[in-house]
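Report on the structure given below.
Hydrogens, waters and symmetry mates play no part in the numbers below; they use all other heavy atoms, side chains included.
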Amino acid sequence: MTANPETSKTTKKSVSRRRFIAAAGATGVTAGLSGCASMFGNGSDTGGQVGSESGGTTVVWGFDATVAQDHADQLRTALHEKGGLSDDIRVEFQPGQPDSGKRRSTYNRLLSSQETTPDMFMMDNGWVNIFIQRGQLANLSEVLPESARSTIENEYFAGFTETAIDPASGDLFGVPLYPDYPTMLYRKDLVEEAGYNPTEENWATEPMTWKRWSNIAAEAQEVSGVDYGFTTQWDIYVGTACCTFNEVLSSWGGAYFGGRENLFGPVGERPVTVDSDPVVNSLNMMRKFVHDESFDGQFSDYGGGFTPTNILGWIEDSSLAPFVDGNAVFHRNWPYAINQAASEFGDDLGTMPLPYGVPEGEAQFPGTGGSTSALGGWHITVNPNSQKLDAVTQVIQASMREEFQLFLLEVEGWLPPRASLFNSETASELEPTGDYMDTLRVAGENTMARPVTAVWNNQSSKIAEQANRAVGQEVSSAEAMATLQSSLEETERSN
């Protein structure tokens, strides 16, 4: 099983992720979506015809391929029984392509040709903004009732919802379905052997500084004798740009484009800030972790040399393997890794929010600083050409019911988009994820989205390359970021 930050599909026991290469997408299995008139394969989740047996309305929902094919009847029943959807409305789940990039391209072709079906989509939060900027989605601020909009605004994870909002108008174009974000996994037995007490110190919910964490990682590795103190991902691929580097620089108070408010543009009008001190410092810290490098005493009180150079060629699964095999103390990854690691270590597995470089109040750029997790996950969006908007609105409201969201958590392993449900009985009883819901809730409250615009694919490859060069000691961190500064400024101007 592979893992990547651009796509996700979860089951109760595991989350399957597929590698997504920065510019072109993965080369995985293609299914479901192809052509134009026959864009959705066989036409429905069960081969049925459009139109319900009762003579009511059928809403077609472009959905996750595996779930649509394997669990359509369960989902449909849950929308009615747990979501309160009217019996006059039938939902058909159309399987989309497993690869997120290819699904995005197909949705773009479909919407550009003003097709009326599917009526609604399951869209990756990483590219919803591009569809918003193109004017290809229905404005849900004009479609959903005020009560639904208020629920989203007041109860959902704000950082996740922001990826479905038009930054210019503030209008809502997507309803969060389920988020995804990483945490720090660690071996409780190894850190306890080194003299630490994670339970008493509330590691599960109280983020610590990178400085303290690095000393723990170095000491625990030395005491335990395992190969690595820390494994993570830093290959030249989209995951470094969107996620691991994004997390580290944000936790230092740095930003790609001057802060959270500029994540989604406007392209060409926002500042490029990758050559700033916080960003350079974050890379120097990573060099300290890998090479135990000295920077005129700046990181002299940090632990160093406990992270292998292998991270320069590792993505999700390749970095997870040493941890699951018992050869690392700490490991950064997405929730699917919790399931795999828990099966190996049981109660000896711990999770914690990602550490931080500077507190939020001391960050140079707005909306940065503090513990920061990258953001994955999927939204519900609506085809503006649909002829069934009233029924679509009812399906969306059914999907927002707490009972339905807990059903998705229990059956598919999809994390709910509202923090309150992480404390529910259903969440706590979910094995093995239920033991780690407190950490996942805190991480969900401290996410940073990738800065997706029409030029992001081009920018992400440049970012990953220079971040990799810096940590690989090919050039200094300052030189790598100066090069990146020029490249990003050029892409901003070219748009």
Side-chain angles (χ1 to χ4, degrees), residues 1-20 26 28 64 66-67 70 98 178-191 198 203-204 217 220-221 224 226-235 237 239 243-244 247 307-308 310-311 313-354 373-374 376-377 408-415 422 427-444:
M1 180 173 64
T2 57
N4 104 36
E6 293 289 317
T7 79
S8 63
K9 187 277 292 180
T10 53
T11 64
K12 185 173 181 181
K13 293 185 178 180
S14 66
V15 180
S16 174
R17 293 181 164 273
R18 301 166 181 86
R19 186 174 184 181
F20 182 90
D64 176 275
T66 302
V67 177
D70 296 346
Y178 76 91
D180 200 11
Y181 36 78
T183 61
M184 184 74 77
L185 285 64
Y186 68 93
R187 291 279 300 280
K188 280 186 180 180
D189 53 335
L190 300 186
V191 298
W203 285 16
Q221 179 194 3
S224 65
V226 298
D227 293 340
Y228 312 126
F230 177 46
T231 59
T232 188
Q233 311 85 43
W234 213 268
D235 195 5
Y237 81 124
C243 304
T244 45
E247 291 164 352
T307 303
N310 305 62
I311 69 169
W314 276 349
I315 62 171
E316 280 74 10
D317 278 5
S318 49
S319 67
L320 174 61
F323 182 76
V324 173
D325 290 342
N327 296 322
V329 181
F330 287 94
H331 175 66
R332 175 264 180 214
N333 216 322
W334 302 82
Y336 86 104
I338 294 175
N339 293 357
Q340 290 198 23
S343 67
E344 295 292 331
F345 305 121
D347 293 340
D348 284 333
L349 177 69
T351 59
M352 61 193 299
L354 297 179
S373 288
L408 292 179
L409 173 63
E410 185 174 16
V411 175
E412 304 298 341
W414 291 355
L415 297 174
F422 283 66
S428 65
E429 292 179 350
L430 188 66
E431 295 183 358
T433 314
D435 293 334
Y436 308 98
M437 294 302 292
D438 286 345
T439 300
L440 288 168
R441 175 182 52 79
V442 172

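- Cys243 and Arg332 get closest at one heavy-atom pair: CB-NH2, 3.5 Å.
- Aromatic ring pairs are classed by plane angle as parallel below 30°, tilted from 30° to 60° and perpendicular above 60°; the pair His331 and Phe323 is parallel.
- The closest donor-acceptor contact from the side chain of Thr439 to the backbone of Pro353 lies at 3.5 Å or more, if one exists at all.
- By the 4.5 Å heavy-atom criterion applied to side chains, Leu440 and Thr433 are counted as neighbours.
- For Leu185 against Thr183, the heavy-atom pair with the smallest separation is CD1-OG1, 3.6 Å.
- Contact detail for Glu247 and Pro182: the closest heavy-atom pair is OE2-CG, 2.9 Å.
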message: Is there a side chain to side chain contact (heavy atoms under 4.5 Å, CB included) between Trp314 and Thr231? Walk through the geometry before answering.
response: CA-CA 9 Å; Trp314 276 349; Thr231 59; 3.7 Å; yes
query: Step by step, would you call Trp203 with Met184 a side chain to side chain contact (heavy atoms under 4.5 Å, CB included)?
result: CA-CA 10 Å; Trp203 285 16; Met184 184 74 77; over 6 Å; no
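- Heavy atoms only, all atoms of each residue included: Thr351 and Tyr186 are closest at N-CE2, 3.5 Å.
- Side-chain contact between Glu316 and Asn333 is present, with heavy atoms from C-beta onward closer than 4.5 Å.
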query: After noting the C-alpha distance and the side-chain angles of Ser319 and Gln233, does the key distance pass the side-chain hydrogen bond (donor to acceptor under 3.5 Å, both in side chains) rule?
result: CA-CA 6 Å; Ser319 67; Gln233 311 85 43; 2.9 Å; yes
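- Across all their heavy atoms, Ser318 and Gly313 have their closest contact at OG-O, 4.4 Å.
- When side chains are defined from C-beta on, Pro322 does not count as touching Asp227, because their heavy atoms never get closer than 4.5 Å.
- Expressed to the nearest 0.5 Å, how far OG1 of Thr307 lies from CH2 of Trp234 amounts to 10.5 Å.
- Within the model, atoms CG of Asp235 and CG of Asn310 stand 11.5 Å from one another, a figure rounded to the nearest 0.5 Å.
- Met437 is listed as a side-chain neighbour of Leu415, based on a closest heavy-atom distance under 4.5 Å.
- Ring pair Tyr181/Phe422 is parallel by interplanar angle, where below 30° counts as parallel and above 60° as perpendicular.
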- request: Apply the test side chain to side chain contact (heavy atoms under 4.5 Å, CB included) to residues Glu412 and Tyr178: give CA-CA distance (whole Å), side-chain angles for both, the deciding distance (0.1 Å), then the verdict.
  value: CA-CA 11 Å; Glu412 304 298 341; Tyr178 76 91; over 6 Å; no
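- Closest of all the heavy-atom pairs between Leu349 and Ile338 is CD2-O, 3.7 Å.
- Atom-to-atom distance recorded for Phe330:CZ and Leu190:CG is 9.0 Å, nearest 0.5 angstrom.
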